Amino acid sequence: MKIRVFTAIVVCKIVRCLAKLFGRGSSLPGKYALKICPDILSNLKLPELSIAVTGSNGKTSTVEMIAHVLKSNGLKVAYNKEGSNQIEGVVTFLVGDCTMGGKVKSDVILLEADERYSRYIFKYFHPKYFVINNLYRDQMTRNGHPEFIKSVIGQAVYDDMTLILNADDPLVSSFGKDREGTIYFGADKLPTDKAEHEGIYNDGKYCPVCKKPMEYEYYHYNHIGKFKCTECGFERHDTDHTLTSTKEENGKASIVIDGKYDIPVFFTGIYHCYNILAAFTAAVTAGIDPNKAAESLGGYILKSGRISDFTLGKLDGRLLLSKHENSVSYDRSIDVVVSDNRRKSVMFIVDAISRKYYTSDSSWLWDINFEKLKGANIDKIILAGQYCDDLAVRFELAGADESKIEIFEQVPDAAEYCAHNLDSFLYVITCFSDKEKILSIVTRRELA
Amino acid sequence: MNVNILFLYPDFMSLYGDNGNVRIMQKRLEDQGFEVAVIKRTITDNDISFEGIDFVYMGSGFESNRNLAAKHLAQFKDGLAKAIDDCVPMLFTGNSYDILGKGITTADGSFTDGLGIFNYTFKEQLEKRYTGDVILADKETGDRYVGFVNRAGVPDKEDDLAYDVLKVIGNIPLKKDSVKKNNLLGISLIGPVLLKNPKIADSFVKIICERRGTEFKEIEYPHSLKSHVKTLKALLDTDI
Ligand SMILES: [Zn+2]
């Protein structure tokens with residue numbers, strides 16, 4: 001073993017201990033290790049089985065579900081927790097799990113891989129399986145656009161990896177073109193599917209391979225669905241594992257994979273279904289018995305609270321956590337509001353666009369299908385936060401009824417208005433970066 | 001009276017909510033009393049005419065799409081050039097104005113011819129995106145414009161470029177930006193540029209009224225103005 005590698009491991013472990021001592025989890029240890037030994041990753045002895053997961057949405061949930069399935073089936077799993085999916089973070093967690101001799105102790109390495117940084121990480125080691133769940137417009141201030149992300153993920157794909165791809169997302173699925181041994185997952189036609197595209201823009205309109213128009217038999221949501229290019233023949237690939245149905249009756253929800261694996265779930269939001277399906281496919285591909293995979297997924301309760309119920313004065317309300325700079329996630333939240341037949345009000349909060357970096361870019365508001373709220377039995381629309389003026393113009397041009405719109409620069413003022421003037425159910429739609437601004441005012445209720 | 005907006009490649013070059021610019025123009029022209037028709041022409045159409053057009057708009061797209069759009073639009077170059085000479089107001093945002101120069105060298109080294117209206121060529125790379133919030137300044141008028149840039153390339157020469165880059169929060173190696181010729185404006189800002197820069201919208205609407213011989217009515221758009229003022233202040237106050 002090279003002395004450089006050994007030194008890097010020792011330093012990384014010491015810094016990690018110190019950081020823990022001071023209660024700070026960070027990727028600092030990895031940073032030091034990389035300074036001493038830039039190719040430390042290729043010098044570690046890794047287990048046979050490794051799985052990386054990337055995509056615009058649901059990486060963390062998918063990785064957590066895969067970890068849960070593997071662990072419940074007796075495997076020792078090393079994986080990076082949220083926020084450490086750049087190379088420093090990956091080094092930190094891998095060295096944290098290895099012996100002084102550089103041998104990773106776990107049976108499986110599971111990696112939440114950042115779309116943009118995978119190309120740097122995979123220079124040094126190749127995961128056996130690489131799951132790509134979806135690619136769409138997300139944080140474009142950092143990510144450029146989906147096709148740019150596709151090309152940089154492409155730089156992380158090597159011949160010795162097995163790709164596990166979402167067959168219903170054309171951009172993702174195109175990674176499998178002319179590639180033997182690729183595993184596909186996808187959904188069959190579902191009752192919630194649409195024959196026509198819904199949304200402000202359609203990223204499935206043109207073929208990612210030849211750029212000629214595509215046709216869809218149905219859309220699950222946005223550009224995710226059963227597509228076929230009219231020119232080059234690129235089309236939705238047959239699937240190895242399939243979401244065959246979703247059920248929601250008497251407050252109990254479940255999904256069925258491959259027509260026989262029943263998985264009780266917390267809710268059947270299509271997003272969530274794809275994450276479960278991706279996790280199931282990855283686990284089964286990695287050798288877990290499908291019955292056992294389904295069983296452990298069924299027992300898994302989603303921890304990341306996308307939904308919080310609350311009361312505000314006499315009002316009952318529900319917070320639907322969405323992602324700023326991600327029109328697809330907003331569209332899904334709007335779907336929830338629209339499918340609720342009650343008379344209701346909706347508050348949108350855009351106060352800080354990101355908690356990680358500064359930007360004033362609000363262009364993504366124009367990609368969200370706010371138009372869908374028309375005719376949805378809406379009492380009031382409350383626009384709140386620093387960007388209330390950008391929202392106001394957006395809603396005006398969405399054809400919203402002016403008399404229904406209230407605008408507040410400060411979230412507390414918006415909350416005060418709602419508490420005193422509304423008598424309908426209140427939905428609040430906002431992002432991680434802004435949610436505390438409302439949750440600190442309302443009284444939270446546990447979900448039944 | 002009827003006015004026609006030509007919306008170029010609305011489904012092919014529409015990466016950052018660019019549709020907002022057309023919607024804003026439509027609303028403002030309606031507020032002036034015009035009946036507005038939005039004519040959409042895209043990559044699968046083989047007729048793009050600039051006859052009788054009062055305003056032209058094109059937004060940002062994937063670099064691969066933009067290169068195809070450049071090739072496609074080249075078929076209708078004469079009509080476009082004539083419309084520019086006739087002072088038809090036009091707005092090209094984001095990476096769409098790249099095609100108005102001599103050409104674009106894409107990250108893979110391939111060269112796509114531009115329309116040759118300006119003298120720059122753009123050179124692109126894949127290593128990183130050039131992204132960030134910016135303030136642009138028009139030295140002649142003192143006006144400042146705010147917004148976000150998200151592009152893969154930079155121009156080789158800046159002689160043709162009209163505005164100074166006053167401040168960048170992010171990573172954009174540009175000192176100058178934007179092209180102007182008669183009533184055409186090409187600007188690197190993405191998305192609904194006219195929302196955060198109501199002055200640009202106003203000037204287009206004024207020109208359209210003049211060209212159609214109707215009187216321009218001063219109308220206030222307080223939210224748009226506030227958005228501009230707030231964004232400008234935030235960008236000036238933010239440490240780089
Ligand atoms: Zn094709």
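Remember, predicted model here, so these are calculated numbers, not experimental data. A, B, ... follow the sequence lines: proteins, then strands. Residue 1 opens every chain.
- For residues 35-46 of chain B, the salt bridge (Lys or Arg N to Asp or Glu O under 4.0 Å) pairs, not counting sequence neighbours, are B/R41-B/D47.
- The contact between B/L126 and chain A is made by backbone and side chain atoms together, counting heavy-atom distances below 4.5 Å.
- The candidate from B/S224, B/S64, B/G170 with the greatest count of non-hydrogen atom pairs under 4.5 Å with chain A is B/S64.
- With a threshold of 4.5 angstrom between heavy atoms, B/S60 does not approach chain A through any atom at all.
- Heavy atoms of other residues, nucleotides or ligands lying less than 6.0 angstrom from NZ of B/K128 number 12 at most.
- For B/D133, the part lying under 4.5 angstrom from a heavy atom of chain A is the side chain only.
- The residue among A/T359, A/I407, A/N143, A/V393 with the most heavy atom pairs within less than 4.5 Å of chain B is A/T359.
- A salt bridge links B/R129 with B/E63: at least one charged nitrogen is closer than 4.0 Å to a carboxylate oxygen.
- A salt bridge is defined here as a Lys NZ or Arg NE, NH1 or NH2 lying under 4.0 Å from an Asp or Glu carboxylate O, and A/D114 with A/K59 fails to meet this definition.
- Taking a cutoff of 4.0 Å between a charged side-chain nitrogen and a carboxylate oxygen, A/D39 and A/K123 do not qualify as a salt bridge.
- Interface residue B/K196: only side-chain heavy atoms are found under 4.5 Å from chain A.
- With a 4.5 Å cut-off on non-hydrogen atoms, A/S151 touches chain B through its side chain but not through its backbone.
- Note: A/F175 and A/F130 fail the aromatic proximity criterion, with ring centroids not under 6.0 Å apart.
- Both the backbone and the side chain of B/I24 come within less than 4.5 Å of a heavy atom of chain A.
- Put simply, of B/L195, B/T231, B/N171, the one with the most heavy-atom pairs under 4.5 Å next to chain A is B/L195.
- For the pair A/A352 and A/S433, the tightest heavy-atom approach, listed with the atom from each and the gap, is O-OG, 3.0 Å.
- Comparing B/K230, B/R151, B/Q26 by heavy-atom pairs within less than 4.5 Å of chain A, the highest count is held by B/K230.
- The residues B/D202 and B/K199 are annotated as not salt-bridged, no charged nitrogen and carboxylate oxygen being separated by less than 4.0 angstrom.
- Within a 6.0 Å radius of NZ in A/K404, more than 12 heavy atoms belonging to other residues, nucleotides or ligands are found.
- Counting heavy-atom pairs closer than 4.5 Å to chain B, the top-ranked of the candidates A/R137, A/R394, A/Q155 is A/R137.
- Residue B/L15 touches chain A through both its backbone and its side chain, counting heavy-atom pairs closer than 4.5 Å.
- Ranking B/N65, B/L68, B/D18 against chain A, the residue ahead of the rest is B/N65, based on heavy-atom pairs under 4.5 Å.
- Contact annotation for B/L189: neither backbone nor side-chain heavy atoms come within less than 4.5 Å of a heavy atom of chain A.
- Of all residues spanning residues 197-223 of chain A, those with a heavy atom less than 4.5 Å away from chain B's heavy atoms are A/I200, A/K205, A/Y206, A/K211, A/P213, arranged by number.
- Environment of NZ in B/K123: sparse, with no more than 12 heavy atoms of neighbouring residues, nucleotides or ligands closer than 6.0 Å.
- Looking at B/T238, only its side chain comes within 4.5 Å of chain A, counting heavy atoms on both sides.
- With a threshold of 4.5 angstrom between heavy atoms, A/E409 approaches chain B through side-chain atoms but not through N, CA, C or O.
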Exercise for review: Take B/Y9 and B/H72 through the test ring-ring contact (aromatic ring centres under 6.0 Å, His included) and record every step on the way to the result.
Suggested key: CA-CA 10 Å; B/Y9 311 103; B/H72 186 257; 5.6 Å; yes

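- In this structure, A/N326 contributes its side chain and A/Q139 its backbone to no donor-acceptor pair below 3.5 Å.
- Residue B/K226 places its NZ atom among 12 or fewer non-hydrogen atoms of other residues, nucleotides or ligands, all under 6.0 Å distant.
- B/R144 CZ: 12 or fewer foreign heavy atoms inside a 6.0 Å radius.
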